[in-house]
Amino acid sequence: MAILIIASSPSRAGLAVRRQLANRAERAHLARMQQRATMIEDVEWRVSPGLIDYATALAKMEARAAAIAAGEARELVWLLEHPPVYTAGTSADPSELVDPRFPVVPAGRGGRYTYHGPGQRVGYLMLDLNRRGRDVRCFVHALEGWLIAALAELGIAAFRAPGRIGIWTRDRAGAEAKIGAIGIRVRRWVTLHGFSVNLAPDLSHFGGIVPCGLADYPVTSAAALGSPQEFATFDAALALTADAFLQSLTCVGENEA
């Protein structure tokens with residue numbers, strides 16, 4: 001038996017409903033795009049010249065994060081440079097402080113010992129995850145992606161390494177080497193601390209610690225790789241890739257902070 005199916009033309013009521021749904025979807029899309037644009041525009045971008053004392057920067061960062069949590073200040077990306085200092089994260093092992101030739105300051109962030117000093121770009125991120133997505137793992141993953149994208153603008157092929165936090169590349173001998181460190185803290189769903197990227201620091205200064213507890217891997221820098229090492233160049237690369245970073249902070253999920 002043959003069955004004949006006759007497709008009727010959509011009714012006027014049906015067409016009206018489709019148009020309403022399409023308009024509603026378009027408005028929702030525009031609202032999302034406007035929200036994303038606002039989330040990018042609302043972030044203050046600050047670049048501080050000279051060497052900023054670590055303890056001073058820490059106090060300013062914590063004050064700003066508290067103000068953001070209270071709704072009294074804009075989010076902030078703060079790019080700066082420190083005089084030589086070793087910072088101790090909450091998991092720091094005293095045995096990994098090999099030669100405390102520089103001041104050692106408790107940082108209050110996650111991680112172990114790291115070094116900050118001239119020639120290294122440090123970035124402190126005070127971002128409100130209440131509005132960007134309450135997912136710390138997503139935030140760290142997005143931050144790694146941002147630094148990898150920015151380094152690519154300098155011609156440096158950086159990557160993540162499973163089981164090893166931070167930003168990695170290959171040195172001129174082809175060995176895996178760390179070029180960037182990440183350490184964060186989240187308080188009231190506002191992020192503190194952030195990253196450091198080695199542009200042209202004195203790499204011998206890392207010899208006073210076991211950087212991030214990874215004794216088997218060297219550290220490197222843009223200068224050691226023969227890549228651009230100027231702060232202005234790297235800052236421009238960060239700015240160029242910042243929108244994609246901020247828009248990527250939308251992973252589904254939530255964990256405590």
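Checking side-chain atoms of Asn130 against main-chain N and O of Arg188 turns up a donor-acceptor pair under 3.5 Å. Within the 3.5 Å criterion, the main-chain N or O of Leu125 finds a donor-acceptor partner in the side chain of Thr191. Under a 3.5 Å cut-off, the side chain of Lys178 and the backbone N or O of Ile165 do form a donor-acceptor pair. Formation of a donor-acceptor pair under 3.5 Å by the His205 side chain with backbone atoms of His116 is not found in this model. The backbone N or O of Trp45 lies less than 3.5 Å from no partner atom in the side chain of Trp78, so there is not a single donor-acceptor pair. Judged purely by atom type and a 3.5 angstrom limit, Arg187 has no side-chain atom pairing as donor or acceptor with the backbone of Leu192.
Classification of Arg134 and Asp128 as a salt-bridged pair fails, no side-chain N sitting under 4.0 Å from a carboxylate O. Between Arg137 and Asp135, no side-chain nitrogen of the basic residue sits less than 4.0 Å from a carboxylate oxygen of the acidic one, so the salt-bridge criterion is not met. By the 4.0 Å N-to-carboxylate-O rule, Arg64 lies close enough to Glu44 to be salt-bridged with it. Using a 4.0 Å cut-off between charged nitrogen and carboxylate oxygen, Arg121 and Glu81 do not count as a salt-bridge pair.
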Open item on the list: Assess the residue pair Ile209 and Glu96 against the criterion (side chain to side chain contact (heavy atoms under 4.5 Å, CB included)); give the C-alpha distance rounded to whole Å, side-chain angles, the decisive distance to 0.1 Å, and a yes or no.
Closed with: CA-CA 6 Å; Ile209 57 172; Glu96 295 172 352; 6.0 Å; no

- [ ] Show your reasoning for whether side chain to side chain contact (heavy atoms under 4.5 Å, CB included) applies to Leu129 and Val190.
- [x] CA-CA 6 Å; Leu129 298 187; Val190 175; over 6 Å; no

- [ ] Just do the salt bridge (charged side-chain N to carboxylate O under 4.0 Å, His left out) check on Asp42 and Arg131 with the steps written out, would you?
- [x] CA-CA 12 Å; Asp42 282 352; Arg131 58 194 294 254; 3.4 Å; yes

Open item on the list: Using side chain to side chain donor-acceptor pair (under 3.5 Å), reason through Thr220 and Arg170 one step at a time and then give a plain yes or no.
Closed with: CA-CA 9 Å; Thr220 190; Arg170 293 193 177 274; over 6 Å; no

TODO: With side chain to side chain contact (heavy atoms under 4.5 Å, CB included) as the test, would you mind laying out the steps for Glu144 and Arg160 before giving the verdict?
DONE: CA-CA 7 Å; Glu144 290 172 338; Arg160 300 177 180 89; 2.9 Å; yes

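Closest heavy-atom contact between Val104 and Pro106: O-CD, 4.1 Å.
A 4.5 Å side-chain heavy-atom check between Thr114 and Tyr86 finds every atom pair outside the cut-off. With a 4.5 Å cut-off on side-chain heavy atoms, Phe206 and Tyr113 do not count as touching. Counting heavy atoms from C-beta outward, Leu127 and Trp189 have side chains that stay 4.5 Å or more apart. Side-chain contact between Phe245 and Val77 is absent, with no heavy atoms from C-beta onward closer than 4.5 Å.
Tyr54 and His82 have perpendicular rings, their planes meeting at more than 60° on a 0 to 90° scale where under 30° would count as parallel. By the 30° and 60° cut-offs, the orientation of the rings of Phe102 relative to Tyr115 is tilted.
Within the model, atoms CG of Leu154 and OG of Ser227 stand 6.5 Å from one another, a figure rounded to the nearest 0.5 Å.
Defined by atom type and a distance below 3.5 Å, a donor-acceptor pair is present between the side-chain atoms of Arg109 and Thr87.
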